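Below is one structure, written out as structure tokens, with a few remarks after it.
All ligand and atom numbering here is 1-based and tracks the order in the structure. Please read all numbers here as calculations on a predicted model, not as lab measurements.
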Amino acid sequence: MAVDIPARARVVIVGGGVIGCSVAYHLTKLGWDDVVLLERKQLTSGTTWHAAGLIGQLRQSINMTQLARYTAELYRGLEAETGQATGYRQCGSISLATTVGRMEELRRNASMAKVFGLRVDVVTRGEIRALYPLASLDDVIGGIHIPSDGYANAVDITQALAKGARSRGARIYQDLAVTAIHRDGRRVTGVQTTNGRIDADYVVMCGGMWTRNLAASVGVTVPLHACEHYYVLFKDVPGLNPDLPVLRDYDHCSYFKYDAGKLLVGAFEPHARPWGMNGIADDFSFGEIAGDFSHFEPVLLDAMRRVPALEQAGIQKFFCGPESFTPDVRYHLGESAELANCFVAAGLNSIGLQSAGGIGKVVSEWIRDGHPPVDLWEVDVRRAMPFQINRKYLQARVSESLGLLYATHWPFRQYESARGVRKSALHDRLAAIGACFGEAFGWERPNWYAPRGGRAEYEYSYGRQNWFDSSAREHRAVRDGVGLFDQSSFAKFRLEGADSVTTLNRVCANDVDVPVGKIVYTQWLNERGGIEADLTVTRLSETAYLIVTGAETEVRDFHWLSRHIDNDARCVLTNVTSGMGVLSLMGPKARELLQSLTPDDVSDRAFPFATSRVIELGLALVRASRITYVGELGWELYIPTEFMLGVYDELAAAGTSSGLVHAGYHALNSLRMEKAYRHWGHDITDEDTPLEAGLGFAVKMEKSGGFIGRDALLKQQQSNLTKRLVQFKLKSPEPLLYHNEPIWQGDAIVGCIRSGMYGHTLGAAVGLGYVTAREGQTAATIGPDEYEIEIAGIRYPATASLKPMYDAANERIKR
Ligand SMILES: Cc1cc2nc3c(=O)[nH]c(=O)nc-3n(C[C@H](O)[C@H](O)[C@H](O)COP(=O)(O)OP(=O)(O)OC[C@H]3O[C@@H](n4cnc5c(N)ncnc54)[C@H](O)[C@@H]3O)c2cc1C
């Protein structure tokens, strides 16, 4: 019988799994009671009902750990709050290391956890034995123990969240599917259901593995695909008790969890099996997959070696169910780039239960405030590239994604599947001379070049990897001679039309009303003064600009600007990324090489720093922009794609006599870190302001017409800064920094490293990180103190500086 549904609601949530129910719970907690949740079958009937129930808190980054930590805290009190049993038990968890690399990873994570006070104990084999007597540990080096981890019943947690939401006014309808999303121009306006239309101010897509298709139907990009996920329930396991910690044996792809008198053994095997290749049947509800026992068997055999008591136990159930995975094993959150007020919370990569509380909280606050409460870029749905919803791509990639949850998270690790999607015109040329490519948002980019006769393949470790010396050679060539980078993956937009200058000047914190041919380095700010984008703007003519930004922010930045173009503004924004390749010629000998190939004058007088113009190069016309991200004299050459090969061949041929060296992104990163050039997404995010980031020089407070974020910056200027980005260099040349390492000042942790890399000119690892000002400190006095940086449990003394440690006076750039 058809139920009456409301004609409108403030928020419609699509999907009644743990994520949708958590969003409803948290919205109502914020006082938004006009919330409708629609579930096509029954609550939990998608993936949630068969979650194993692990509630872990330690993730690979600080903000993700914070979300998981909040989730655990919420679940601890949920039963008392709602009266609905949740099965939550705080039994702790143990993670094992059987390799040196894994142990280093666990130690590094334990150090990271100190930044926000999560207790993570590094434990010996003996201590693990005492905590988990059922395990055979002969091959175990050590591990970590998190006493506050636990487990819960996923169905009960979801019902408790739904009960909490209902008690505060949310209306939950089951057996009611959303069949379409309605939009009016760039804004979502409601949903069509099997029982009529509901208008809404906001729609939140929490449809689990169904979300890709629903989103795609309104042009919203949500790349995810289901995979088979396995576990086995063992009964009559001798010695089993409910307080046994959850055990994770990462190196053997398995986890062990007490489950209502049984032991549940689950798997994260390296090569998973995608599921639902031809779509998901309409009647799929509380569904199981037949699965392939032989696929799971190798993990099971290892598990029986780890817990020998399983040999005496019986198998009660072999289970296989679908869960959605994403191309980078990070979930999708937030307001979609393409459609205003259309939010996404999906693609949970098998950590949906332990993430749901945090997700519900931040999505609700994001809806209420119009912006995320903390930097959530790593899971922001705007990082997704439109091509990533290609099903062949997804099926290839997610088979790797599942296993990555338990794989060692080596620094610089590259995906092995679904490669070669986006290639520069030079790809094959560069491959032939030894380029080792990394993948970034589909792009194949040379990260380093193997020496002649060497193999262009990574050998991973936490120490100096096999490319360290090659990259050092590239770095030095750029500092002393000339290097060539293929930076074709830059995202490039053109804004054209009579209102371009007024539109762009409102969005940019710097002044872009400059003479034609000038390049402006600028940030785009939000109303809070936080940095939404970091890029260059080049004035091409009175009415046209070229905007260049990082590959990873192509979608985000394009939509940020397009949303700030007034409906009646006379200007058009076009994404021209594919139309132009970029070759960067960088180093003190860059001028000599460039001049040998062009009749145009590229002397400092004729072609000063931060200017751009079209020059003849070889047989082509290219746009040369005198700018740098490595701290040396140099030009970025913007070349129409079909001219790339010709121009490159001329450059490479002329370069043989001037010692031109091909350089990759690892060298680029090392060079920019020494110069303390910021990288958006790491060193600067939407929760850091230019003043905190030391980028005040790029802000023009007094320009006419103002700009977005100006008021917030003015306010901040009038008070003392509470944090400041500082550059660090370790005093010892040995240890390596990556990210998230705690920064110590005396006995207190005052921040953490946002990005780190070895600096071959400075001769040690270099890091950038925010330091929180202490009582009596001002931004100016933050720098010179004594600091230590903790890496894998050991504190290393570091030198700190507010000015770049390499060429603070910019003499090398402006020569
Ligand atoms: C075997 C297994 C073990 C797991 N173990 C754990 C664990 O120990 N810990 C952990 O944290 N996570 C675990 N997970 C992952 C966890 O179960 C998921 O991440 C989580 O349940 C995802 O929740 P969801 O709400 O996004 O998706 P779902 O539970 O699938 O909910 C989405 C809902 O949306 C509904 N829906 C879809 N389209 C529409 C539409 N058009 N209209 C209306 N409704 C719609 C669906 O019917 C469905 O009920 C496990 C997963 C599996 C498969």
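Side-chain contact, Ser148 with Gln57: a donor N or O sits under 3.5 Å from an acceptor N or O.
Of the protein's non-hydrogen atoms, Arg40 CD, 3.6 Å is the one closest to atom 36 (N) of ligand 1. Looking from atom 28 (P) of ligand 1 to the surrounding protein, the closest heavy atom is Thr47 N, 3.6 Å. Protein heavy atom in closest approach to atom 17 (O) of ligand 1: Ala51 CB, 3.2 Å. Closest protein heavy atom to atom 53 (C) of ligand 1: His50 CE1, 3.0 Å. Protein heavy atom nearest atom 38 (N) of ligand 1, with residue, atom name and distance: Trp210 CB, 3.5 Å. In terms of protein heavy-atom proximity, atom 19 (O) of ligand 1 is nearest to Glu323 OE2, 2.6 Å. Among all non-hydrogen protein atoms, the one lying nearest atom 31 (O) of ligand 1 is Gly17 CA, 3.3 Å. Atom 9 (N) of ligand 1 has Leu54 O, 3.1 Å as its closest protein atom, hydrogens excluded (heavy atom only).
Near Ile351, meaning under 4.0 Å from any of its heavy atoms, are these atoms of ligand 1: 10 (C), 11 (O), 12 (N). Applying the 4.0 Å criterion to heavy atoms of Gly15 picks out, from ligand 1, the atoms 33 (C), 34 (O), 35 (C), 44 (N). Listed by atom number, the atoms of ligand 1 under 4.0 Å from Gly16 heavy atoms are 33 (C), 34 (O). The ligand atoms of ligand 1 that sit less than 4.0 angstrom from a heavy atom of Ala177 are 42 (N), 43 (C). Every atom of ligand 1 with a heavy atom of Thr48 under 4.0 Å away is listed here by number and element: 20 (C), 21 (O), 23 (O), 25 (O), 28 (P), 29 (O). Annotation for ligand 1: atoms under 4.0 Å from non-hydrogen atoms of Gly53 are 7 (C), 8 (O). Those atoms of ligand 1 that come under 4.0 Å of a heavy atom in Leu348, given as number and element, are 19 (O), 26 (O).
Distances from ligand 1 to the non-hydrogen atoms of Ala346 include no value under 4.0 Å. Look at Gly266 and you'll find every heavy atom at least 4.0 Å from all atoms of ligand 1.
Put simply, the side chain of Arg171 does not reach to within 4.5 Å of the side chain of Leu37, judged on heavy atoms.
Side-chain rings of Phe319 and Tyr230 stay apart, their centers remaining 6.0 Å or farther from each other. Checked against the 6.0 Å centroid criterion, the rings of His229 and Phe296 do not qualify as a close aromatic pair. With ring centers used as reference points, Trp366 lies 6.0 Å or more from Tyr202. Residues Trp49 and Phe284 keep their aromatic ring centres 6.0 Å or farther apart.
For atom 42 (N) of ligand 1, the candidate residues are Ile280, Val155, Val178, Ile19; the nearest heavy-atom contact is made by Val178. When Cys320, Ser355, Gly207, Cys21 are ranked by how near their heavy atoms come to atom 37 (C) of ligand 1, first place goes to Gly207. With Gly208, Ala52, Ala226 as candidates, the residue nearest to atom 5 (N) of ligand 1 on a non-hydrogen basis is Ala52. Compare Ser350, Gly347, Gly321 by their heavy atoms: the one nearest to atom 14 (N) of ligand 1 is in Ser350. Among His229, Glu39, Gln354, Lys257, the residue whose heavy atom sits closest to atom 51 (C) of ligand 1 is His229.
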Please list every donor-acceptor pair under 3.5 Å in which a side-chain atom of residues 337-348 meets a protein atom from a residue at least two apart or in another chain.
unit_1	atom_1	unit_2	atom_2	d
Glu338	OE2	Thr221	N	3.3
Glu338	OE2	Thr221	OG1	2.8
Asn341	OD1	Arg187	NH1	3.4
Asn341	ND2	Asp201	O	3.0

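No salt bridge links Glu79 with Arg89; every basic N to acidic carboxylate O contact stays at or beyond 4.0 Å. A salt bridge links Glu105 to Arg102: one of the charged nitrogens lies within less than 4.0 Å of a carboxylate oxygen. For Asp34 and Arg8, the salt-bridge test fails: no basic side-chain N is under 4.0 Å from an acidic carboxylate O.
At a 4.0 Å heavy-atom cut-off, ligand 1 touches Cys206 through the backbone alone. Contacts between Leu38 and ligand 1, counted as non-hydrogen atom pairs separated by less than 4.0 Å, involve the backbone only. By the criterion of a heavy-atom distance under 4.0 Å, the side chain of Val14, and not its backbone, is placed next to ligand 1. Only the side chain of Tyr231 comes within contact range of ligand 1, with a heavy atom under 4.0 Å; no backbone atom does.
By the 6.0 Å contact criterion, CZ on Arg119 is open, its count of non-hydrogen atoms from other residues, nucleotides or ligands being 12 or less.
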- [ ] Decide yes or no on salt bridge (Lys or Arg N to Asp or Glu O under 4.0 Å) for Asp302 and Arg305, but give the supporting numbers first.
- [x] CA-CA 5 Å; Asp302 279 338; Arg305 278 189 279 275; 2.8 Å; yes
TODO: Let me see the working for Arg168 and Asp33 under salt bridge (Lys or Arg N to Asp or Glu O under 4.0 Å), right down to the final yes or no.
DONE: CA-CA 6 Å; Arg168 290 186 289 265; Asp33 53 6; over 6 Å; no
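Of the candidates Thr189, Val188, Val191, Thr189 is the only one forming a side chain to side chain contact (heavy atoms under 4.5 Å, CB included) with His182. For the side chain to side chain contact (heavy atoms under 4.5 Å, CB included) criterion with Leu224, the lone passing option out of Leu394, Thr211, Asn349 is Thr211.
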